[in-house]
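Read through the structure below, which is laid out as structure tokens, and then see the notes.
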Amino acid sequence: MSNTQYFDAKIANKHYTIKGNKSPDHMSAVVDLVNQQLDQLSQIDPTLSIMDQSLLMAVNAVSDQLTQEAKIIELEQEIKRLKEQPKVPYERKIPDPIDEEYDIPFIKQQQPKE
């Protein structure tokens with residue numbers, strides 16, 4: 001069973017229909033981000049064509065993807081390393097009320113007034 005959806009988008013003042021399996025909220029966030037980045041590139045260099053802006057965005061997206069993939073690999077290796085460590089039992093230290101190291105307030109019960 002396919003979860004294919006069609007999403008109408010306006011990117012750089014041009015209308016597109018995008019086919020995919022992501023939610024409308026996800027696609028809306030993607031389109032908003034694409035339009036923001038195109039606006040930023042246009043402000044940085046107004047002489048860039050939409051093709052040049054798109055190419056620069058694609059390069060940035062691939063660069064970000066590679067960075068995120070490297071972080072994922074690093075975190076997976078850290079998880080594997082932590083799982084392979086010998087398990088040390090956790091000892092919970094319960095404070096001794098007589099021990100001076102702990103400041104434990106004592107509650108005095110008030111005597112009823114006569």
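Fair warning: this is a prediction, and the values are worked out from it, not measured in the lab.
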Working to the nearest 0.5 angstrom, can you tell me the gap between [X] [atom1] and [Y] [atom2]?
{"X": "Gln37", "Y": "Ser54", "atom1": "CD", "atom2": "OG", "value": "11.0 Å"}
{"X": "Ile18", "Y": "Met27", "atom1": "CD1", "atom2": "CE", "value": "4.0 Å"}
{"X": "Leu56", "Y": "Ile44", "atom1": "CG", "atom2": "CD1", "value": "9.0 Å"}

Please tell me whether Asp45 and Thr47 have a donor and an acceptor in their side chains that are separated by less than 3.5 angstrom.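 There is such a pair between these side chains.
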
Establish, from distance only, whether the side-chain atoms of Thr17 and Asp8 form a donor-acceptor pair under 3.5 Å.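 Side chains of Thr17 and Asp8: pair found under 3.5 Å.
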
Is there any side-chain hydrogen bond (donor to acceptor under 3.5 Å, both in side chains) pair reaching into residues 57-67, and which pairs are they, with sequence neighbours excluded?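 Residue pairs with at least one partner in residues 57-67: Gln65-Glu69.
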
What residue pairs, at least two apart or across chains, pass side-chain hydrogen bond (donor to acceptor under 3.5 Å, both in side chains) with a residue in residues 73-86?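 Those involving residues 73-86 are Glu78-Arg81.
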
If you look only at distance, which donor and acceptor atoms sit under 3.5 Å apart when one is on a side chain in residues 28-35 and the other is two or more places apart or in another chain?
unit_1	atom_1	unit_2	atom_2	d
Asn35	OD1	Ala12	N	2.9
Asn35	ND2	Lys10	O	2.9
Asn35	ND2	Val31	O	3.3

Could you pull out all residues at least two apart from [X] that satisfy side-chain contact (heavy atoms from CB on, under 4.5 Å)?
{"X": "Gln5", "value": "Asn3, Pro24"}
{"X": "Ser49", "value": "Met51, Asp52"}
{"X": "Lys14", "value": "Tyr16"}

Give the cluster check for Leu48 versus Ile50: same hydrophobic cluster or not, with ILVMFWY residues linked at side-chain heavy-atom distances below 4.5 Å.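 Same cluster.
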
Determine the minimum heavy-atom distance between Leu41 and Gln53, stating which atoms define it.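 It is CD1-O, 3.4 Å.
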
